[in-house]
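This structure is a prediction, so every number in the text was calculated from the model and none was measured. Order of the sequence lines sets the chain letters (A, B, ...), proteins ahead of strands, with each chain counted from 1.
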Amino acid sequence: KAGVTQTPRYLIKTRGQQVTLSCSPISGHRSVSWYQQTPGQGLQFLFEYFSETQRNKGNFPGRFSGRQFSNSRSEMNVSTLELGDSALYLCASSLQGIPDTQYFGPGTRLTVL
Amino acid sequence: DQQVKQNSPSLSVQEGRISILNCDYTNSMFDYFLWYKKYPAEGPTFLISISSIKDKNEDGRFTVFLNKSAKHLSLHIVPSQPGDSAVYFCAASVDNAGNMLTFGGGTRLMVKP
């Protein structure tokens, strides 16, 4: 079974631009969660989508948004990029939710210059 | 306000000995706890979990202990192997909260041969 895939793996953008990251979950998984990992803040929950609906949302500004398609693939968008958005963005999928195990992708490393 | 804390940023252990990683939490609503291992350039990998109705869960060399009254959990690795060298994250979740995990800051474990 293929794992969680994320594209692109690396991305360099400049302040003010916007970016879209993609996540393909494990086949059959309906829940996709997004996390931001930075050295100072650790792993922080962004949001979770389940069956195309946002089910949970973390404490991030509205510049961070996402969506999920009918095939469970998910995209995350960040508009008006700031230097502090530089981070590793991780996507995780699971069948339905806790206690189902979340499987993480390798992440997208975003650098904002 | 960090709801999940790993107070030791790093831990060094000799191969064959026991590694004990600790985690404290403040939110009494948390009722499901997980440990993840992360290698550089990879996403976190699920290790072991425990529900709040238990105080111990064992899986091979990995055992997680939960002390609800102290709001403390620990991961024991016996015997430790050099391949266990990685960053370990504890995470917590509230029942019926989908897949929203709150992570600790991580502990870097180094197992010396």
Side-chain angles (χ1 to χ4, degrees), chain A residues 3-7 9-10 21 23-26 29-51 53-60 66 68 72 74 87-109, chain B residues 1-10 21 23-27 29-54 57 59 62 64 66 86-108:
Chain A
V4 178
T5 57
Q6 291 187 245
T7 57
R9 291 293 310 276
Y10 302 91
L21 312 181
C23 171
S24 292
I26 291 172
H29 285 191
R30 294 166 65 189
S31 167
V32 174
S33 300
W34 289 88
Y35 293 83
Q36 180 196 64
Q37 186 183 16
T38 58
Q41 299 295 322
L43 269 159
Q44 291 188 291
F45 174 79
L46 280 155
F47 31 65
E48 180 209 2
Y49 285 86
F50 181 79
S51 293
T53 301
Q54 188 179 84
R55 182 159 70 172
N56 285 294
K57 189 176 188 310
N59 294 324
F60 278 81
Q68 186 180 33
S72 293
S74 177
L88 179 68
Y89 290 89
L90 291 158
C91 153
S93 78
S94 78
L95 278 169
Q96 302 215 33
I98 298 293
D100 298 325
T101 300
Q102 285 200 67
Y103 295 88
F104 282 81
T108 294
R109 171 74 63 187
Chain B
D1 173 36
Q2 270 191 304
Q3 297 187 63
V4 178
K5 288 183 183 178
Q6 294 175 254
N7 291 317
S8 298
S10 65
L21 297 103
C23 180
D24 298 294
Y25 62 97
T26 57
N27 188 343
M29 299 295 289
F30 288 142
D31 55 9
Y32 197 74
F33 304 88
L34 309 91
W35 284 93
Y36 282 84
K37 177 170 75 172
K38 187 178 185 301
Y39 293 117
E42 294 182 14
T45 303
F46 170 76
L47 271 177
I48 193 168
S49 61
I50 188 166
S51 163
S52 59
I53 62 173
K54 292 183 162 185
N57 188 25
D59 183 2
F62 302 93
V64 56
L66 175 62
V87 178
Y88 289 78
F89 292 94
C90 69
S93 173
V94 175
D95 193 21
N96 296 321
N99 261 329
M100 188 170 76
L101 293 178
T102 301
F103 281 87
T107 296
R108 181 176 301 278

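B/Y25 OH: more than 12 foreign heavy atoms inside a 6.0 Å radius. Surrounding NZ of B/K54 are at most 12 heavy atoms belonging to other residues, nucleotides or ligands under 6.0 Å away. For B/R108, the CZ atom counts as loosely surrounded, since its 6.0 Å shell holds 12 or fewer non-hydrogen atoms of other residues, nucleotides or ligands.
Only the side chain of A/L90 comes within less than 4.5 Å of a heavy atom in chain B; its backbone stays farther off. Neither the backbone nor the side chain of A/R109 has a heavy atom closer than 4.5 Å to any heavy atom of chain B. Proximity to chain B is limited to the side chain of A/Q37, based on heavy atoms less than 4.5 angstrom apart. The part of A/L88 that comes within reach of chain B is its side chain, from C-beta onward, which places non-hydrogen atoms under 4.5 angstrom from that chain.
Heavy-atom pairs under 4.5 Å with chain A were tallied for B/P44, B/S51, B/G104; the largest tally goes to B/P44.
Of the inter-residue distances, the one linking B/T45 atom OG1 with A/Q102 atom CD reads 13.0 Å to the nearest 0.5 angstrom. The line from OG1 of B/T102 to CG of A/L43 is 11.0 Å long, rounded to the nearest 0.5 Å. Put simply, CG on B/L47 and OG1 on A/T101 are 11.0 Å apart, with the number rounded to the nearest 0.5 Å.
Side chains of B/Y36 and A/F104 form a contact here, defined as non-hydrogen atoms less than 4.5 Å apart. The shortest distance between side-chain heavy atoms of A/F45 and B/L101 does not fall below 4.5 Å.
Between B/F103 and A/Y35, the gap from one ring centroid to the other is short of 6.0 Å.
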